[in-house]
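Each ligand, and each atom within it, is numbered from 1 in the order the structure gives.
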Amino acid sequence: MSSDVVVVGSGPNGLAAAVLLARAGLRVEVREGAAAPGGGMRSKALFDSEIVHDICSAVHPLAVAGRFFREFDLPTRGVELRQPEIAYGHPLDGGRAGLAYRAFDRTCDALGVDGPRYRKLMRPLVEHSQSTVDALMSGQRSVSLAALRLPARLFTQRLFRTEEAAAMLAGVAAHAGGRLPSLPAAGISLLLGHLAHTTGWPVPRGGSQRIANALVDDLVAHGGLIHSGQMVTDLRELAGFRAVVLDVGPRNLLDLAGSLLPSGYRRRLERYRYGPAAAKVDFLVSEPIPWTNPELRKAGTVHVGGRRAAVYASENATVQGKLSNEPFVLLSEPMVADETRGLPGKRPVWAYCHVPNGDPVDPADLIRRQIERFAPGFTDTVLASRTVNALQQNEYNPNYVGGDISAGALDLWQVVGRPVLAWNPYRTPLRGVYLCSAATPPGPGVHGMGGYYAAKTLLRDEFGIRELPSLAPDKERVQ
Ligand SMILES: Cc1cc2nc3c(=O)[nH]c(=O)nc-3n(C[C@H](O)[C@H](O)[C@H](O)COP(=O)(O)OP(=O)(O)OC[C@H]3O[C@@H](n4cnc5c(N)ncnc54)[C@H](O)[C@@H]3O)c2cc1C
């Protein structure tokens, strides 16, 4: 066997681990079950051979702000991160909307009577953004401690007077895909919410695959290998490697290694819970979405669900296994910031809503109706659509059990004990076997931090390497 370490899965965490290990001087190979590398960062031609569209992730606040990517430095590697003028918007009935401009002062001014409250809440985070991000995205204990310091009013609903401000933060909290309000969702709301005014919510020019390609290029430049179309079905296939990093969730680890695991650890993995699913629809439309509030045409991301109470109601119904008729929809129109994504008269729209785990519903009509409510005439602009229901999401990626794209429920217990309660959650009881996926801290999103922490642990445990290599672009390769 020529490699020291094998990484199973090439999502952002698998590739981040592989990059760090290869830069530390180890011989690394990655085995990816799908036909192309990237996991949740894959893009492909959809509707038209010239329209490259994001299959999973589309908007990347964490691929700029998080520690791994800060150092890896995507822009210097030629990945252009395009910033919409409005990071995210939240339409309300009657043409009103909450608008998170990149400019912090403008956002506060637009919020009227709630401006000073919004400023008071966000300013400390905006001013200390990097330490806020590092605290909220570090190991699980500091996440929970940081979360406990959150202003209680943020998740008891009494912070704001206007619906604009309240709905805005509820929409960001709903990214958690769980019960609302809750402590973990409030933490996510503050993390992503303040990033709107610091490093932004960018979309990569040319699609999310560009991020995956930059990681693969760096891995290969440091001697790593990547094999796509190689689904690993049994951990024993990897017996010849000195160490193994698994970019998979607890359920997948049980499938790969169930009989090899000590019974206590196996039972703890079996208790891991998956949360609501994401059901996605991609539209091809003939013109920009005709939002009633014209400012929303500048927003890269739009949260469609109406008033805060309605967002809470639909998210809570989903957690209880009920399909909401008015689901909360996350929507991105990439051409708002990246004109290369479409053609004249052909614009892609990316949208998903939360549905109960494993629900086979086709979300196209539910999502279309929600958009139509705040953008009358939208339906008439739709040229084509393609849906991925919860079950198809799971077929596409075995980590999304039942369609849960967060790789596990984000309730308080599973924020603290992800995937099990352990001093170091990246280790498994099997010698040389580590977990790095979004089912480890700090959880879902394209940030690579699970991979970073797992690789750091592996380097120390297996190779005695304590000093981490630089992740900065090699000068001679900078584009
Ligand atoms: C529809 C959708 C929208 C999203 N939107 C955003 C967004 O806008 N912004 C954002 O930051 N995040 C978003 N996310 C979440 C983000 O994509 C994930 O949290 C992130 O990709 C998880 O990274 P990961 O490395 O843990 O695993 P993944 O990206 O899931 O990658 C795991 C990889 O491992 C492979 N694999 C699994 N088992 C095996 C095996 N046995 N053998 C070989 N290969 C295997 C899989 O094929 C996959 O390629 C979205 C996800 C989805 C699905």
Is the shortest heavy-atom distance from the side chain of Phe69 to the side chain of Leu62 under 4.5 Å?
no
Hey, is His447 touching ligand 1 through its side chain, its backbone, both or neither, going by heavy atoms under 4.0 Å?
neither
Nearest protein heavy atom to atom 53 (C) of ligand 1, by residue and atom, and its distance?
Ile405 CG2, 3.2 Å
Would you say ligand 1 has an N or O under 3.5 Å from any N or O of Pro12?
yes
protein heavy-atom neighbour closest to atom 41 (N) of ligand 1 works out as Val232 O, 2.8 Å
List ligand 1 atoms under 4.0 Å from Ser10, heavy atoms only on the residue side.
33 (C), 34 (O)
Show me which atoms of ligand 1 lie under 4.0 Å from any heavy atom of Gly40.
17 (O), 21 (O), 28 (P), 29 (O)
Can you list the ligand 1 atoms lying under 4.0 Å from a non-hydrogen atom of Gly39?
29 (O), 31 (O), 48 (C), 49 (O)
Side chain to side chain contact (heavy atoms under 4.5 Å, CB included) for Tyr88 and Val172? Distances and angles first, verdict last.
CA-CA 9 Å; Tyr88 70 90; Val172 187; 3.4 Å; yes
Check ligand 1 against Ser437 and write out every atom of the ligand that is under 4.0 Å from a heavy-atom position of the residue.
26 (O)
Any nitrogen or oxygen of His60 lying under 3.5 Å from a nitrogen or oxygen in ligand 1? Just yes or no.
no
Given salt bridge (Lys or Arg N to Asp or Glu O under 4.0 Å), test Arg70 with Asp134 step by step and report yes or no.
CA-CA 11 Å; Arg70 272 200 321 260; Asp134 289 346; 3.0 Å; yes
A side-chain contact here means heavy atoms from C-beta on lying under 4.5 Å apart; do Phe104 and His194 qualify?
no
Any N/O pair Ala58/ligand 1 closer than 3.5 Å
yes
What orientation do His90 and His303 show, parallel under 30°, tilted 30 to 60°, or perpendicular over 60°?
perpendicular
Residues Arg242, Asp4: salt bridge by 4.0 Å N-O rule
no
Nearest-contact summary for atom 13 (C) of ligand 1 - protein heavy atom, Å
Ser57 CB, 3.4 Å
Quick one, Tyr312 and Pro181 - any side-chain contact, counting heavy atoms below 4.5 Å?
yes
Any N or O of Leu256 that comes nearer than 3.5 Å to an N or O of ligand 1?
no
Taking both backbone and side-chain atoms of Gln393, is any N or O found less than 3.5 Å from an N or O belonging to ligand 1?
no
Which atoms of ligand 1 are found less than 4.0 Å from any heavy atom of Arg31?
43 (C), 44 (N)
Do any N/O atoms on Leu62 end up under 3.5 angstrom from N/O atoms on ligand 1?
no
Quick one: does ligand 1 sit under 4.0 Å from the side chain of Trp350, the backbone, both or neither, non-hydrogen atoms only?
side chain
Counting from 1, what ligand 1 atoms have a heavy atom of Ala438 closer than 4.0 Å?
22 (C), 26 (O)
Could you tell me whether Arg42 atom CZ has more than 12 heavy atoms of other residues or ligands within 6.0 Å of it?
yes
Would you say the side-chain atoms of Ser437 and Asn399 include a donor-acceptor pair closer than 3.5 Å?
no
May I ask you to decide if the ring planes of His53 and Phe47 are parallel, tilted or perpendicular, using 30° and 60° as cut-offs?
tilted
Is there a side chain to side chain contact (heavy atoms under 4.5 Å, CB included) between Phe328 and Gln370? Walk through the geometry before answering.
CA-CA 8 Å; Phe328 173 74; Gln370 283 288 70; over 6 Å; no
Check ligand 1 against Pro398 and write out every atom of the ligand that is under 4.0 Å from a heavy-atom position of the residue.
37 (C), 38 (N)
Which is it for Val446 and ligand 1 at heavy atoms under 4.0 Å: side chain, backbone, both or neither?
both
For ligand 1, which atoms have a heavy atom of Gln230 less than 4.0 angstrom away?
43 (C)
Before you tell me yes or no, could you show the steps for Val232 and Val248 under side chain to side chain contact (heavy atoms under 4.5 Å, CB included), namely the whole-Å CA-CA distance, both residues' side-chain angles and the distance that decides it to 0.1 Å?
CA-CA 11 Å; Val232 175; Val248 308; over 6 Å; no
Counting only heavy atoms not in Arg431 (residues, nucleotides, ligands), do more than 12 fall under 6.0 Å from its CZ?
no
Checking heavy atoms under 4.0 Å, the part of Met41 that sits near ligand 1 is neither
Of the protein's non-hydrogen atoms, which lies at the shortest distance from atom 15 (C) of ligand 1, and what is that distance?
Gly445 N, 4.2 Å
Could you go step by step and tell me if Glu462 and Tyr434 meet the side-chain hydrogen bond (donor to acceptor under 3.5 Å, both in side chains) rule?
CA-CA 11 Å; Glu462 308 294 330; Tyr434 297 81; 2.6 Å; yes
Does ligand 1 have a heavy atom under 4.0 Å from the side chain of Asn397, from its backbone, from both, or from neither?
side chain
In Å, rounded to the nearest 0.5 Å, how long is the span from CG of Leu323 to SG of Cys353?
7.5 Å
Close side-chain approach of Val19 to Val28, heavy-atom, < 4.5 Å
no
Identity and distance of the protein heavy atom lying nearest atom 27 (O) of ligand 1:
Asp247 OD1, 3.5 Å
Residue and atom name of the nearest protein heavy atom (relative to atom 37 (C) of ligand 1), distance in Å to one decimal
Asn399 OD1, 3.5 Å
Nearest protein heavy atom with distance in Å, relative to atom 36 (N) of ligand 1:
Gly9 CA, 4.1 Å
Taking non-hydrogen atoms only, is Met449 closer than 4.0 angstrom to ligand 1 via side chain, backbone, both or neither?
neither
Has ligand 1 got any nitrogen or oxygen that is less than 3.5 angstrom from a nitrogen or oxygen of Gly33?
yes
Atom 33 (C) of ligand 1: the protein heavy-atom neighbour that sits closest, reported with distance to 0.1 Å:
Glu32 OE1, 3.6 Å
For residues Val203 and Asp54, determine if any side-chain heavy atom of one lies less than 4.5 Å from a side-chain heavy atom of the other.
no
Checking the N or O distance criterion of under 3.5 Å, is ligand 1 in contact with Val59?
yes
Got a second to check how far Gln393's CD is from Thr387's OG1, nearest 0.5 Å?
10.5 Å
So which bit of Val8 gets within less than 4.0 Å of ligand 1, heavy atoms only: side chain, backbone, both or neither?
side chain
